[in-house]
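Side chains are part of it too, since the values below use all heavy atoms of this structure and drop only hydrogens, waters and symmetry mates.
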Amino acid sequence: MVDCLLLETLISPSRIKEFSAMEWDLVIRQGRRSNTLGRFYRVMSSHQLIEFIPESPLRHLHWAHISAERQVVSVRAEVECIKKALPGVAIILLKGAAYVVAKLPAAEGRIFSDIDLLVAKDQLTDVENALMAHGWVSMITDIYDQRYYRKWGHELPPLRHLRRNTVIDVHHGILPPTAVARPDPLKLILGSVALSADKDLRILAPVDMFLHSATHLFYEGELQHGLRDLVDLSVLLQDFSREVTFFDDLLNRAKQLGLERPLFYALRYLHLILKIDIPQHVVNNLSRSGPSSLLLRVMDGMYQRGLLPDHASCNDRYTKIARIGIYVRGTWLRMPRLILFRHLFHKAFLSANN
Amino acid sequence: MNVSSLSADDLSTRLIQGTFILKTGMFNVRVKSQIPEISQIFTLIYGDFPVASPSDFSDFQITLSSTGGLRRWFRRQVLTKLDEIPLYMPLPASHAFPAFEWGLNQCISLAVKQSLIIHAAVIEKDGLAAILPAPPGSGKSTLCAALINRGWRLLSDELAVVEVSTGKIISLPRPVSLKNVSIDIIQSYAPDAVFSPKVFGTSKGTIAHMKPPIQSVMRAAESALAAWIIFPKYVPGANAELTAISKATGFMNVIGNSFNYGSLGLCGFETAGDLIDKCECYEFNYSKLDDAIRIFSLLGQDPKRSDG
């Protein structure tokens, strides 16, 4: 494992009591790069360690905390606007927006930009039209990209609101139809939980929320926020596993949705990197869903580097190639070969963005 | 220890290694650069500023590096980064010092969330501060440069940092950036003032930075309470004139000139409101600097201010 001061501190927060000025300097830089300063502040706060933080680094943590709190207000307001634009439509909030509106611990300290939602595929056209009528405009102008999203994607091109500049990603699935795993969005919609009295505003069931987060992370090619997303998973796990049946439900659901492989990786790296204890029976059950031992060694090599902050202080000589490997893997998993070659050809030679 | 007390070699080495930490008011800025001119300009313009130990905490880490490939030798460029992240696209290498100044301003205005940051100059005399907000080209920097050479203290020429909890303005004295004809005007207005070499062909024209008066640098720890918000406008041939404006207009103009009003939410609204409550708001047209100085010197003696 490569050394990373930020990671070590998230695992053992009381280390900060011994920190020198240079260690504070480093940890703030790593946190800034990985977008985890807000989370770091929450961890320190919940361990009653704020009084041990010197004034200068504390300022930076406070600023991140204020940004995160401010964002909670904006997200709630934006979700209200979305709801008004889509009366009678069942909307399932995903990721950060879900954590905020459902007031989950995973929301605390988190900074994110877009609001992700899931709707039934047959409602997609009406939803898109209604959103555009209320001022959200498609951000993708390139015709090839638009077609690509609609033909091969699981989400509409992002929509930006003309006045407020907020961005929505409207999903009709959680993975592209071309991906290796094919979790059925209908199952996710049927399992969803209502937040509002009229039952239109919804979030995924806890097991689905965890699986979605795990799948998203382990299908991702660019891990700009890898550590943040891994920490999110750990907070979700800590919160949901208070329910005694959670792990068994998780295993069953992963099997139903065909997401055992990403679940395997999620729990493995939560344990290896964040030192989270996973019940042995769960590990045993999932071991047969894991890859071959050779592939597993390669994955360990890549992800134990790729999930750290993308910062020189967290790199070793293999980090660069690990990140390239993760990028290739992400693309490989999401696109079958023929489409990939056509896509890369178009991007390399024909695209106007070149 | 000040920047001027470092030997040229020591400063160069620290800049190359990234162990040079400049103290600008409340912020420690770590600077890493291999560009030789930067070392010379820092000695000239930042000479009076304190230097922190290499093992101290730094708030921002600005790296000025060359870009790769052919550009390393041919039509050299400078890339400005905050730690490892580029702040904007590469600029010609001769723009390195302005690039540093703009980069640091950007870092401060994006990071700070416990203060309302207004795009404005701030000057102070006898315990009371005047905030001069203005879009670029209104002549605020020229006016500010003139005033601080005639007895006013510089808190900032670019960023009015208003603390949310207290309404106090934090002092961040830094070099004053001047453009085009303003450079020559201030050079003749204040012949003893020290300037960085002119940089030509920037997006704002020709730029030079004026070394801030040593008194302003030494008093960087002193914050101030604002008494006046004055919107300056250079109008050729105009008489220097202060025109009172409504608090409502003042408020809208202040938030229109603010970098981070939106991200402060309700807090931003309350801070801006409190500021406007406590200040007299004016528009100020001027053409001759001497007239402007005279009008400003009357501000402190305004009989309407009963608390002095």
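Minimum heavy-atom separation, A:Ile28 to B:Phe57: CG1-CE1, 3.8 Å. Residues A:Arg70 and B:Leu264 come closest through the heavy atom pair CD-C, 4.0 Å. Between B:Asp56 and A:Asp25, the closest heavy-atom pair is O-OD2, 4.0 Å. Between A:His311 and B:Glu84, the closest heavy-atom pair is CA-OE1, 3.4 Å.
For OH of A:Tyr327, the number of neighbouring non-hydrogen atoms (other residues, nucleotides, ligands) closer than 6.0 Å is 12 at most. For B:Met218, the CE atom sits in a loose shell: 12 or fewer heavy atoms of surrounding residues, nucleotides or ligands are nearer than 6.0 Å. No more than 12 heavy atoms of other residues, nucleotides or ligands sit less than 6.0 Å from atom CE of B:Met89. Atom CZ of B:Arg219 has more than 12 heavy atoms from other residues, nucleotides or ligands within 6.0 Å. The local environment of CZ in B:Phe269 is sparse, with at most 12 non-hydrogen atoms from other residues, nucleotides or ligands closer than 6.0 Å.
Proximity to chain B at a heavy-atom threshold of 4.5 Å picks out A:Ser56, A:Pro57, A:Arg59, A:His60, A:His62 from residues 38-62 of chain A, in numerical order. Listed by sequence position, B:Met26, B:Phe27, B:Arg30 are the residues of residues 25-33 of chain B in contact with chain A, using a 4.5 angstrom heavy-atom cutoff. Scanning residues 15-23 of chain A against chain B with a 4.5 Å heavy-atom cutoff picks out A:Ala21, A:Met22, ordered by number.
Listed by chain and residue number, nothing satisfies the salt bridge (Lys or Arg N to Asp or Glu O under 4.0 Å) test with A:Arg160 (two or more places apart in sequence, or in another chain).
Interface remark: A:Ala64 contributes no atoms to any contact with chain B (heavy atom separation under 4.5 Å). At a 4.5 Å heavy-atom cutoff, the contact between B:Gln114 and chain A is made by backbone and side-chain atoms alike. If you measure heavy-atom distances from A:His65 to chain B, you find no contacts under 4.5 Å at all.
For the atom pair B:Asp83 CG and A:Ser313 OG, the distance stands at 8.0 Å (nearest 0.5 Å). Of the inter-residue distances, the one linking B:Asn260 atom CG with A:Trp63 atom CH2 reads 11.0 Å to the nearest 0.5 angstrom.
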Quick one, A:Arg32 with B:Ile85, criterion side-chain contact (heavy atoms from CB on, under 4.5 Å). Give me CA distance, side-chain angles, the key distance, then yes/no. CA-CA 10 Å; A:Arg32 186 198 286 142; B:Ile85 313 299; over 6 Å; no
